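Working notes for the structure below.
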Amino acid sequence: AVDLSVSVLGHTFANPLMNAAGVCCSTTEELDSLLASASGTLITKSCTAQQRDGNPAPRFKPLPLGSINSMGLPNEGYEYYAEYVSHRAKGGAAAKPIFFSISGMTMQDSADMAAKLAAHPQGANVLLELNLSCPNVPGKPQIGYDMQDMRRYLEAVTAVYPRPFGVKLPPYFDMAHFDQAAEVLNAFPSVAFLTCINSVGNGLVIDDTCDTVAIKPKNGFGGIGGEYVLPTALANVNAFRTRCPEKVIIGCGGVLCGRDAYQHLLAGASLVQVGTQLWKEGPDAFRRIRDELQAHLARKGYGADRDAIGKLKVIE
Ligand SMILES: O=C1NC(=O)NC(C(=O)O)N1
């Protein structure tokens with residue numbers, strides 16, 4: 001059978017699949033359901049320094065082609081997730097390294113949480129994904145869209161977090177922006193991975209049976225996920241793969257089946273996150289997508305999925 005194992009960031013994963021931060025990962029029960037699933041690893045809900053209720057409901061809607069959300073960073077707070085990894089992250093043979101997402105309400109909060117994570121007893125078995133791209137906190141712009149802000153955040157976090165870590169990026173839509181963002185990110189060698197993409201921010205879904213927006217926060221503006229975003233996700237994976245050759249790229253966006261995951265590998269992703277489809281199908285999605293990916297790679301004659309990473313061909 002095709003070897004699906006991936007060894008990156010100092011860890012070996014049984015397969016490249018994991019959840020997208022925010023989906024099925026806010027509580028111990030949800031996180032344990034991912035741990036028990038066929039996923040290669042998992043990531044915790046982006047946490048803030050203190051517990052947060054987030055935005056008023058309705059704040060999430062599944063759609064035929066994806067989803068819209070304006071959750072507003074509801075989470076149990078940093079200590080809750082730090083406690084979870086204390087008794088779940090394992091090193092050595094039983095290794096199932098856990099990704100830990102942080103999205104402070106201020107730069108200082110993010111730096112403070114990163115400093116605590118650096119000192120965590122299981123710190124070596126935790127991979128920090130710094131979320132610079134939440135589009136849903138009213139009044140807070142996406143840090144990833146302000147290059148100066150992104151540089152300041154990375155300076156603050158690298159000053160207190162000595163290990164390699166990663167950044168969850170928003171989607172970019174202009175070659176100049178790919179170049180500018182890559183220039184900032186390449187200035188930080190300890191930014192070892194980039195997760196492309198977060199939801200496509202501030203979409204508007206209308207229910208025209210009642211002429212009303214689908215979700216309550218921000219007059220219905222929310223992050224778009226699912227099939228809608230696969231081409232944008234693949235472009236961002238590939239753009240940063242070519243511009244940041246020393247960094248690992250984690251793909252996120254539009255993965256419903258094994259072939260979508262394969263496309264992310266071709267574009268340059270080493271790991272692949274599943275969000276909207278995981279919300280719709282539950283953790284069983286990972287076994288299905290894993291088996292579909294394995295069958296697709298076998299059909300294409302690959303011995304291992306790592307052989308497909310970045311193998312996208314252009315038309316000469
Ligand atoms: O980074 C985020 N991306 C999203 O699409 N939604 C969540 C949120 O609103 O909490 N955060």
Side-chain angles (χ1 to χ4, degrees), residues 18-27 30-31 42-63 65-78 80-81 99-107 109-110 113 128-146 149-150 153 165-172 181 194-205 213-230 232-233 236 250-255 273-280:
M18 63 186 287
N19 64 301
V23 182
C24 192
C25 59
S26 294
T27 65
E30 289 182 330
L31 289 161
L42 59 123
I43 186 167
T44 57
K45 166 68 184 174
S46 295
C47 66
T48 47
Q50 306 303 324
Q51 180 276 343
R52 251 177 84 84
D53 292 341
N55 291 338
R59 60 190 187 182
F60 174 90
K61 273 284 184 309
L63 303 162
L65 296 179
S67 64
I68 184 169
N69 92 86
S70 182
M71 308 304 287
L73 287 176
N75 73 95
E76 300 296 335
Y78 171 83
Y80 181 96
Y81 302 101
F99 285 78
F100 194 104
S101 179
I102 282 178
S103 186
M105 295 307 285
T106 64
M107 185 178 77
D109 276 1
S110 288
M113 288 188 278
L128 167 60
E129 184 182 87
L130 179 65
N131 184 351
L132 298 182
S133 45
C134 177
N136 299 322
V137 177
K140 284 205 162 297
Q142 295 180 72
I143 297 149
Y145 286 152
D146 180 322
D149 255 0
M150 183 155 68
Y153 264 74
F165 69 100
V167 174
K168 178 72 169 285
L169 292 170
Y172 298 95
L194 306 174
T195 304
C196 300
I197 59 174
N198 207 318
S199 56
V200 173
N202 296 301
L204 181 61
V205 171
V213 300
I215 56 173
K216 178 170 181 176
K218 293 172 57 178
N219 294 331
F221 284 59
I224 303 296
E227 290 183 62
Y228 294 112
V229 310
L230 181 60
T232 295
N236 277 262
I250 299 181
C252 184
V255 177
Q273 299 183 347
V274 184
T276 297
Q277 188 57 32
L278 172 61
W279 188 94
K280 290 182 175 180

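Numbering of residues begins at 1 and proceeds along the displayed sequence. Predicted, not measured: the structure shown is a model, and the values here were computed from it. Note that ligands are numbered from 1 as they come in the structure, with each ligand's atoms numbered from 1 the same way.
Counting the atoms of ligand 1 from 1 in the order shown, those under 4.0 Å from a heavy atom of N136 are 4 (C), 5 (O), 6 (N), 7 (C), 8 (C), 9 (O). Remark: ligand 1 atoms within the under-4.0 Å shell around heavy atoms of P135 are 2 (C), 3 (N), 4 (C). The contact set between ligand 1 and G72, taken as ligand atoms under 4.0 Å from a residue heavy atom, comprises 8 (C), 9 (O), 10 (O).
Expressed to the nearest 0.5 Å, how far OG of S103 lies from CG of N198 amounts to 8.5 Å. Taken from CD1 in I250 to CD1 in I197, the straight-line distance is 14.0 Å, to the nearest 0.5 Å.
Not a single heavy atom of S103 sits under 4.0 Å from any atom of ligand 1. The closest approach between K45 and ligand 1 falls below 4.0 Å for a heavy atom of the residue.
Closest protein heavy atom to atom 10 (O) of ligand 1: L73 N, 2.7 Å. C134 SG, 3.3 Å is the protein heavy atom nearest to atom 11 (N) of ligand 1.
Within a 6.0 Å sphere centred on CD of Q51, heavy atoms belonging to other residues, nucleotides or ligands number more than 12.
Of the options N75, N198, V23, T276, the smallest heavy-atom separation from atom 2 (C) of ligand 1 is shown by N198.
For ligand 1, the polar-atom distance check finds no N/O of S133 at less than 3.5 Å from any of the ligand's N/O atoms. For ligand 1, the polar-atom distance check finds an N/O of N131 within less than 3.5 Å of one of the ligand's N/O atoms. The shortest N/O to N/O separation between M71 and ligand 1 falls below 3.5 Å.
Partners of F165 by ring-ring contact (aromatic ring centres under 6.0 Å, His included), not counting sequence neighbours, listed by chain and number: Y161.
A pairwise comparison of heavy atoms in L73 and S46 identifies CD2-CB, 3.9 Å as the closest pair.
Under a 3.5 Å cut-off, the side chain of Y228 and the backbone N or O of S67 do not form any donor-acceptor pair. Distance alone, capped at 3.5 Å, places no donor-acceptor pair between the K61 side chain and the I215 backbone.
In S46, neither the side chain nor the backbone holds a heavy atom less than 4.0 Å from any atom of ligand 1. Contact annotation for N69 and ligand 1: only side-chain heavy atoms (C-beta onward) come within less than 4.0 Å of the ligand. Using a 4.0 Å cut-off between heavy atoms, V137 makes no contact with ligand 1 at all.
With S101 as the partner, the side-chain contact (heavy atoms from CB on, under 4.5 Å) test is satisfied by one option alone out of N131, T195, L128: N131.
Below 30°, between 30° and 60°, or above 60°: for F60 and W279 the angle between ring planes is between 30° and 60°, a tilted geometry.
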